[in-house]
Peer 1: 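To start, I am sharing the structure in question, which I have written as structure tokens.
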Protein chains: 2
Amino acid sequence: MFSKACEYGIRATIYIAMQSLQGNRVNLKEISKEIDSPVAFTAKILQQLAKNDIINSVKGPTGGFEINKKDIDSIKLIHIVSAIDSDKIFNGCGLGLKECNEDFPCPVHFQFKEIRDNLKKMSSETSIYELATGLEVGLTFLKR
Amino acid sequence: MFSKACEYGIRATIYIAMQSLQGNRVNLKEISKEIDSPVAFTAKILQQLAKNDIINSVKGPTGGFEINKKDIDSIKLIHIVSAIDSDKIFNGCGLGLKECNEDFPCPVHFQFKEIRDNLKKMSSETSIYELATGLEVGLTFLKR
DNA sequence: GTTTATTAGGATAAATTTGTCTTATTTAAA
DNA sequence: TTTAAATAAGACAAATTTATCCTAATAAAC
Ligand code: SF4
Ligand code: SF4
């Protein structure tokens, strides 16, 4: 469904958010250990997330990544997916047709539109806050 | 959502089905022209579909691809997707965790499960027959 | 039987995604 | 002010996906 980069990006953001809720800034090494992802590749993804103002990066000793507590609830899944994978999955065609036009629909249009719209709705409504708190209370997990 | 190979595979199968409903066997060149796909790559995908008994291939002059009329309604979208992309999208994790266990869910589990199950249900219920007839009556299109 | 039109299969190539490595930059701490 | 710990950036490498090309196999038509 999502690219590897996007999966790592979502997992990383959730972990950073959970730590930020507890007042902790976390560094690359810790993040990739906790989300079980390749270190250097994760660095690239975190850079992308920082450029898209989804997370903050701080250089130097004691540096790392964090999210302002007040922003955590306004970051939605769709922001991360759009930043890393583009919004193709939310707006593109199920059969990959280039020019998408509902007046000249592809054969799967009527079936796919519903799935795609639900995915978009879910991604727009699901906040990193709710995903991070599930992790914080031990209801959900980022590894295995 | 699906790989390019899978998109071409679905489009090709729908086209072959539509022609088969009209009693026509179609060859590679015509298929890739009508679904606007790379010829040689499409050949590989058709091979895969034939091996998975989704379409029939016939060699030699007047050869080509076809589907038995009586089978067209029993071929569902999920058969094509599973044959080409595997069933990962229907059963795998939204965050790419390897060992999937609902008792130790990933943070997006509760949100994703619904989307994923709907996609699976839709793909299991949507037959190539219904997609092919939409194309046949000019309601839907395979190019653009 | 020969030719010709078709699919099958294998080798190769190009493009993209995934991942690594090295160096530069920043900045807190010593 | 120097050192050390962290991210940023760019070059590179590996793996996968997408795509092409060439030859073999098949079988209808001549
Ligand atoms: S017809 Fe529907 S599924 Fe196809 S391209 Fe347009 S919006 Fe997308
Ligand atoms: S927890 Fe849910 S979404 Fe995550 S791997 Fe298991 S089934 Fe998939």
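Proteins come first, then strands; the chains are lettered A, B, ... in the order of their sequence lines, and each starts at number 1.
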Peer 1: Let me know the distance between CD1 of B/Ile35 and P of D/dA19, rounded to the nearest Å.
Peer 2: 11 Å
Peer 1: Starting at CG of B/Asn27 and ending at P of D/dA28, how long is that distance when rounded to a whole Å?
Peer 2: 16 Å
Peer 1: Kindly state which residues belonging to residues 46-72 of chain A come within less than 4.0 angstrom of DNA chain C, counting heavy atoms of the residue only, listed by number.
Peer 2: A/Lys59, A/Gly60, A/Pro61, A/Thr62
Peer 1: With heavy atoms under 4.0 Å as the rule, sort B/Lys44 into base, sugar-phosphate or nothing.
Peer 2: base
Peer 1: Using a cut-off of strictly less than 4.0 Å between a heavy atom of the residue and any atom of DNA chain D, enumerate the qualifying residues of residues 89-96 of chain B by number.
Peer 2: none
Peer 1: Name the one of A/Leu131, A/Ile67, A/Thr133 that satisfies side chain to side chain contact (heavy atoms under 4.5 Å, CB included) with A/Ile72?
Peer 2: A/Ile67
Peer 1: Within the side chain of A/Asn27, is there an N or O that forms a donor-acceptor pair under 3.5 Å with the backbone of A/Glu30?
Peer 2: yes
Peer 1: Would you mind reporting whether B/Thr140 and B/Ile14 have side-chain heavy atoms less than 4.5 Å apart?
Peer 2: no
Peer 1: Return the value, rounded to whole Å, for the distance between atom CD1 of B/Ile31 and atom C1' of C/dA5.
Peer 2: 15 Å
Peer 1: On DNA chain C, does the nearest nucleotide to B/Val26 precede the nearest nucleotide to A/Thr42 from the 5' side, or the other way round? Give the residue.
Peer 2: B/Val26
Peer 1: Under a 3.5 Å threshold, yes or no: a donor from one side chain and an acceptor from the other, between B/Ser127 and B/Asp73?
Peer 2: yes
Peer 1: Between A/Ser3 and A/Asp85, do the side chains contain an N or O donor and an N or O acceptor separated by less than 3.5 Å?
Peer 2: yes
Peer 1: Taking atom types as modelled, find out whether B/Ser37 and B/Thr42 have a side-chain donor-acceptor pair closer than 3.5 angstrom.
Peer 2: yes
Peer 1: Whole Å only: how far is the CD1 atom of B/Ile84 from the C1' atom of D/dT16?
Peer 2: 17 Å
Peer 1: Using atom NZ of B/Lys29 as one end and atom C1' of C/dT4 as the other, report the distance to the nearest whole Å.
Peer 2: 12 Å
Peer 1: Output the rounded distance in Å from CD1 (A/Ile45) to P (D/dA9).
Peer 2: 15 Å
Peer 1: May I ask you to check whether B/Glu136 and B/Gln22 show a side-chain donor-acceptor distance below 3.5 Å?
Peer 2: yes
Peer 1: For the side chain of B/Phe41, counting heavy atoms from C-beta on, which of C/dT7, D/dT7, D/dT20 is nearest?
Peer 2: D/dT20
Peer 1: Tell me whether the centres of the aromatic rings in B/Phe2 and B/Tyr8 are closer together than 6.0 Å.
Peer 2: no
Peer 1: Let's see if you get this right: which residues in residues 2-25 of chain B place a heavy atom under 4.0 Å from DNA chain C?
Peer 2: none
Peer 1: With the threshold set at 4.0 Å, does a side-chain nitrogen-carboxylate oxygen contact exist between B/Glu34 and B/Arg11?
Peer 2: no
Peer 1: A/Leu28 CG to C/dG19 C1': how many Å, rounded?
Peer 2: 13 Å
Peer 1: Does either side chain, that of A/Glu130 or that of B/Gln111, offer a donor lying less than 3.5 Å from an acceptor on the other one?
Peer 2: yes
Peer 1: Would you call B/Ile55 and B/Ile75 a side-chain contact if the rule is heavy atoms closer than 4.5 Å?
Peer 2: no
